[in-house]
Structure formats: structure tokens, C-alpha cells
Amino acid sequence: MYILVDKKTGGVYAVKDETIEERVVQLFCEEDDAERYHGYLIANDYKRELSVMEVEEEAVKENCASFGYQYTIIKHDQIVLPPDDLT
């Protein structure tokens with residue numbers, strides 16, 4: 001699994017889901033999909049410098065539970081785009 005992390009702080013990138021008012025960590029099954037999403041963020045002038053990191057799925061799930069974040073798994077046949085509001 002792959003996630004995006006902040007190069008400076010090591011913090012995990014999470015999308016704010018307005019419908020449930022929580023942060024959602026995206027777990028990508030394929031590295032190429034994580035890289036593509038990262039490219040979309042760059043194209044949309046996302047300010048933080050991110051990198052793609054390979055992780056163990058269970059470790060991310062445990063951390064999400066500890067910090068009150070949700071998570072979602074992005075499978076190889078799914079395309080996700082960053083939200084319009086990247087704050």
C-alpha cells in the first residue's frame with residue numbers, strides 16, 4: 001500500500017471529507033496511482049511538499065484509529081481527484 005506524506009514533517013496527507021467532517025487517509029494499492037494523485041496535487045498548486053511512501057496497511061489502519069482519522073482504499077481500477085479546496 002502507498003500513502004502520501006509531508007516531506008518536512010512526515011505527516012500523512014489526508015483529505016477533509018465535508019460530508020462526515022473528518023479527515024480521510026487514502027491508501028493506494030498501486031504506487032503508480034499514488035504518484036498520479038500526487039501529480040494532480042502539484043498541478044493544482046498544493047503548497048506542501050509530499051512524497052509517496054510504501055506502508056503496511058494494518059499500521060495505517062491502527063494509526064487512523066488512534067488519531068481519529070478515517071481511511072479509504074483506492075484500488076487499481078479507481079481514479080480519484082483532489083478536492084477543489086486544497087487548504
Side-chain angles (χ1 to χ4, degrees):
M1 303 300 272
Y2 300 87
I3 58 172
L4 297 174
V5 295
D6 187 296
K7 285 185 177 181
K8 187 175 183 179
T9 66
V12 175
Y13 171 82
V15 176
K16 185 172 183 183
D17 185 329
E18 298 296 336
T19 60
I20 59 174
E21 297 183 10
E22 292 185 299
R23 297 260 181 205
V24 180
V25 173
Q26 297 164 316
L27 284 159
F28 294 88
C29 292
E30 302 289 330
E31 184 176 16
D32 288 346
D33 293 335
E35 293 287 354
R36 183 177 307 107
Y37 188 87
H38 183 224
Y40 292 148
L41 287 169
I42 292 169
N44 287 320
D45 296 324
Y46 187 68
K47 303 299 182 212
R48 291 173 33 202
E49 205 173 330
L50 302 174
S51 63
V52 174
M53 176 185 277
E54 187 172 10
V55 294
E56 293 292 326
E57 181 178 346
E58 289 306 313
V60 174
K61 288 178 178 180
E62 288 174 16
N63 281 330
C64 285
S66 294
F67 291 100
Y69 282 27
Q70 299 295 315
Y71 66 89
T72 187
I73 296 176
I74 310 298
K75 297 181 181 175
H76 74 280
D77 59 349
Q78 295 176 305
I79 294 182
V80 293
L81 299 172
D84 292 332
D85 180 14
L86 292 175
T87 57

task: Would you kindly confirm whether L50 and Y2 end up in one hydrophobic cluster when ILVMFWY residues are joined by side chain heavy atoms under 4.5 Å apart?
output: yes

- prompt: If every non-hydrogen atom of K7 is compared with every non-hydrogen atom of S51, which pair is closest and at what distance?
  reply: CE-CB, 3.7 Å

query: Any side-chain heavy-atom pair from L81 and N44 closer than 4.5 angstrom?
result: no

task: Kindly indicate, with the supporting measurements, whether the criterion side chain to side chain contact (heavy atoms under 4.5 Å, CB included) is fulfilled by Y13 and L41.
output: CA-CA 11 Å; Y13 171 82; L41 287 169; 3.6 Å; yes

message: Using 0.5 Å steps for rounding, measure from the CD atom of Q78 to the CG atom of D33.
response: 9.0 Å

- prompt: Are any non-hydrogen side-chain atoms of M1 and V60 less than 4.5 angstrom apart?
  reply: no

field: Any side-chain heavy-atom pair of L4 and V12 under 4.5 Å
entry: no

field: NZ-CD distance between K75 and E30, expressed to the nearest 0.5 angstrom
entry: 12.0 Å

statement: The single option from F67, Y71, Y69 that satisfies side-chain contact (heavy atoms from CB on, under 4.5 Å) with R23 is Y69

query: What distance separates I3 CD1 from I74 CD1, expressed to the nearest 0.5 Å?
result: 13.0 Å

message: Would a single hydrophobic cluster contain both V52 and I42, if residues Ile, Leu, Val, Met, Phe, Trp and Tyr are joined by side-chain heavy-atom contacts under 4.5 Å?
response: no

Validation row: P82, V15 side chains within 4.5 angstrom (heavy atoms): no

task: Evaluate the side-chain proximity of K47 to D45: yes if any heavy-atom separation is below 4.5 Å, no if none is.
output: yes

task: Report yes if the side chains of V80 and F28 come closer than 4.5 Å at any heavy-atom pair, otherwise no.
output: yes

Rounded distance (nearest 0.5 Å) linking atom CZ of R48 with atom NZ of K8: 11.0 Å

